[in-house]
Number of protein chains: 2
Amino acid sequence: MAEWLSEDEMAAWVRLVAVVELLPGVLDGQLRRDAQVTHFDYHVLAMLSEAPDRTLRMTELATRTNATLPRLSHVVRRLEERGLVERAPCPWDGRATNARLTDAGWAKVRATAPGHVATVREHVIDALTPEQVTQLAGIADAVLRRLDPDGKMAGLPGDAPGGDRRRAG
Amino acid sequence: MAEWLSEDEMAAWVRLVAVVELLPGVLDGQLRRDAQVTHFDYHVLAMLSEAPDRTLRMTELATRTNATLPRLSHVVRRLEERGLVERAPCPWDGRATNARLTDAGWAKVRATAPGHVATVREHVIDALTPEQVTQLAGIADAVLRRLDPDGKMAGLPGDAPGGDRRRAG
DNA sequence: CCGCTTCAGTTGTACCTACAACCGATGACG
DNA sequence: CGTCATCGGTTGTAGGTACAACTGAAGCGG
């Protein structure tokens, strides 16, 4: 537990920082050019598109997009202004708000997904061997448990049953 | 190549996106609380602190911090206003600007580094096995070559012919 | 029923980043 | 030498995010 990082650790860290710095720009760039949407916008729309009735509560949506509630609130308001999402108060809990994907929003996701997936493949997945893909899942999973100990974000499979974090492929 | 992602690929991708979304916040948070500096600010100061005469040209500094020139220009101006950095036109090239870490900036880096390294260890490095650290370096390296094909950023041990072993003026 | 606390979201402000327009310096060329 | 293209960097501005303060609904104890 040195105060500094070893050579191997530093090599990994420097590269990880670079990826974290550059990847968002690449994702945002493609989506903005081709669909006039940020990566976070797309993430919101995608999560809604997978939900039953294309509807989720704001809190749940925030969880699935790794976002804070204020951030999500601003973004959903803008998406609503663009007609891609609509909001309605939850009938059973006066405090809650349900966000629902409109038909236009659904169409947007359908039209945007292929290009986005292609970008993900081109810049990440296809750069890796199948083994590395598996390793990446394990590594990111381990890091996530530190970044988000309660697992509130990212919808990780709960650490309660049978989960062994110290295994890498 | 399929139009969608396989289950394994999706598992890796979802987790990577979560890390990319959450990690900057954790790094920024610690540095802002403990040193009133963003992670990018710190990166700038750290790169200068490692350079000969604590001086680098703006373009070279942008490369080493994976940043665009406009972004760096704004940040360096603010750092200069805080007395952590100073700028001076390069005597040999009237177009170029040299950024130099002041004594105050040097002190700031020295005082800030331990806490930052501890955060990096706590949330990333120590979450991984030594094998995973090595794997991460390989994975991030492979991804970087796609994100930044020319190796302009990130100062990768590049496939660039001839190498770019330049000295700062 | 009243008051307190917590929950779910929203809003307002400050800050940071991206993009594009811009400026002076440099270097190639005739 | 002039002209032009390019380089290195700065500045203006629009847009997105973070943080904190706020509103209103639910839940709980008395």
Side-chain angles (χ1 to χ4, degrees), chain A residues 20-33 36-44 55-63 65-82 85-100 152-153, chain B residues 20-33 36-44 55-82 85-100 152-153 166 168-169:
Chain A
V20 165
E21 192 72 36
L22 296 176
L23 186 52
V26 170
L27 299 176
D28 269 350
Q30 182 265 323
L31 285 167
R32 279 180 164 284
R33 279 192 308 275
Q36 294 75 53
V37 167
T38 68
H39 179 239
F40 183 73
D41 290 339
Y42 177 81
H43 203 342
V44 168
T55 302
L56 285 174
R57 279 150 88 119
M58 292 294 283
T59 300
E60 177 63 18
L61 187 52
T63 296
T65 53
N66 311 306
T68 60
L69 219 28
R71 179 184 181 186
L72 180 65
S73 184
H74 284 262
V75 169
V76 168
R77 176 179 49 71
R78 278 174 237 145
L79 291 175
E80 188 173 34
E81 289 166 1
R82 295 172 61 183
V85 167
E86 55 191 8
R87 280 183 294 187
C90 174
W92 293 278
D93 187 338
R95 298 169 297 181
T97 301
N98 285 330
R100 183 171 182 285
K152 295 192 195 311
M153 309 294 192
Chain B
V20 165
E21 194 71 36
L22 296 176
L23 185 52
V26 170
L27 300 176
D28 269 351
Q30 182 266 323
L31 286 168
R32 285 174 72 85
R33 279 192 308 275
Q36 295 74 51
V37 167
T38 68
H39 179 239
F40 183 73
D41 289 340
Y42 177 81
H43 203 343
V44 168
T55 302
L56 285 174
R57 280 151 78 124
M58 292 293 284
T59 299
E60 177 63 19
L61 188 52
T63 296
R64 300 199 188 189
T65 53
N66 311 305
T68 60
L69 219 28
R71 179 184 181 186
L72 180 65
S73 183
H74 284 285
V75 168
V76 168
R77 176 178 48 72
R78 289 188 288 251
L79 291 176
E80 187 173 35
E81 287 167 2
R82 294 171 61 182
V85 167
E86 57 190 6
R87 280 182 294 185
C90 175
W92 291 276
D93 187 340
R95 298 169 296 182
T97 301
N98 286 330
R100 184 173 182 283
K152 297 193 194 310
M153 309 295 194
R166 276 174 291 170

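Residue numbers begin at 1 in each chain, while the letters A, B, ... track the order of the sequences.
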Exercise. How long is the line joining CZ of A:Phe40 and C1' of D:dG15, in whole Å?
Worked result: 15 Å
For this session: Tell me whether the OP1 or OP2 atom of D:dT10 has a side-chain N or O from B:Arg87 closer than 4.0 Å.
Result: yes
For this session: Looking at every strand, decide which applies to A:Asp93 at a 4.0 Å heavy-atom threshold: base, sugar-phosphate, or nothing.
Result: sugar-phosphate
Exercise. Measuring from A:Leu79:CG to A:Thr38:OG1, what's the distance to the nearest 0.5 Å?
Worked result: 7.5 Å
Exercise. Which distance, rounded to the nearest 0.5 Å, do you find between the OG1 of B:Thr65 and the CD of B:Glu60?
Worked result: 9.5 Å
Problem set entry | Gap between atoms CD and C1', on A:Gln36 and D:dA14 respectively (whole Å) | 16 Å
For this session: Hey, could you give me the CG/CZ distance between A:Leu56 and A:Arg100, rounded to the nearest 0.5 Å?
Result: 11.5 Å
For this session: May I have the distance from A:Arg95 (atom CZ) to D:dA25 (atom P), rounded to whole angstrom?
Result: 11 Å
Problem set entry | Rounded interatomic separation in angstrom, taking CG from A:Leu72 and C1' from D:dG16 | 14 Å
For this session: Find the distance between CG (B:Leu61) and OG1 (B:Thr55) and round it off to the nearest 0.5 Å.
Result: 10.5 Å
For this session: For the pair B:Asp28 (side chain) and B:His39 (backbone), establish whether a donor and an acceptor sit closer than 3.5 Å, ignoring hydrogens and angles.
Result: yes
Exercise. Using a heavy-atom cut-off of 4.0 Å to chain A, what are the terminal contacting nucleotides of DNA chain C, in 5' to 3' order?
Worked result: C:dC7 to C:dG12
For this session: Measure the distance from CG on A:Leu69 to P on D:dG16 and round it to the nearest whole Å.
Result: 19 Å
Exercise. So, do A:His43 and B:Glu21 sit near enough that their side-chain heavy atoms are less than 4.5 Å apart?
Worked result: no
Problem set entry | d(CZ, B:Arg78; C1', D:dT11) in whole Å | 13 Å
For this session: Nearest whole angstrom, please: distance from the P of D:dA26 to the CH2 of A:Trp92.
Result: 14 Å
For this session: Select base, sugar-phosphate, or nothing to describe what B:Thr97 touches, counting heavy atoms under 4.0 Å on all strands.
Result: sugar-phosphate
Problem set entry | Nearest-0.5 Å distance, CZ of residue B:Arg95 to CE of residue B:Met58 | 15.5 Å
For this session: Looking only at non-hydrogen atoms, find the nearest pair between B:Arg82 and B:Gln36 and report the distance.
Result: NH2-O, 2.7 Å
Exercise. If the sugar-phosphate is the primed atoms plus P, OP1 and OP2 and the base is the rest, what is the B/S/- string for nucleotides 18-23 of chain D, using protein heavy atoms under 4.0 Å?
Worked result: SBB---
Seminar exercise, completed: One should read off an interatomic distance between B:His74 NE2 and B:Leu69 CG, to the nearest 0.5 angstrom, of 10.5 Å
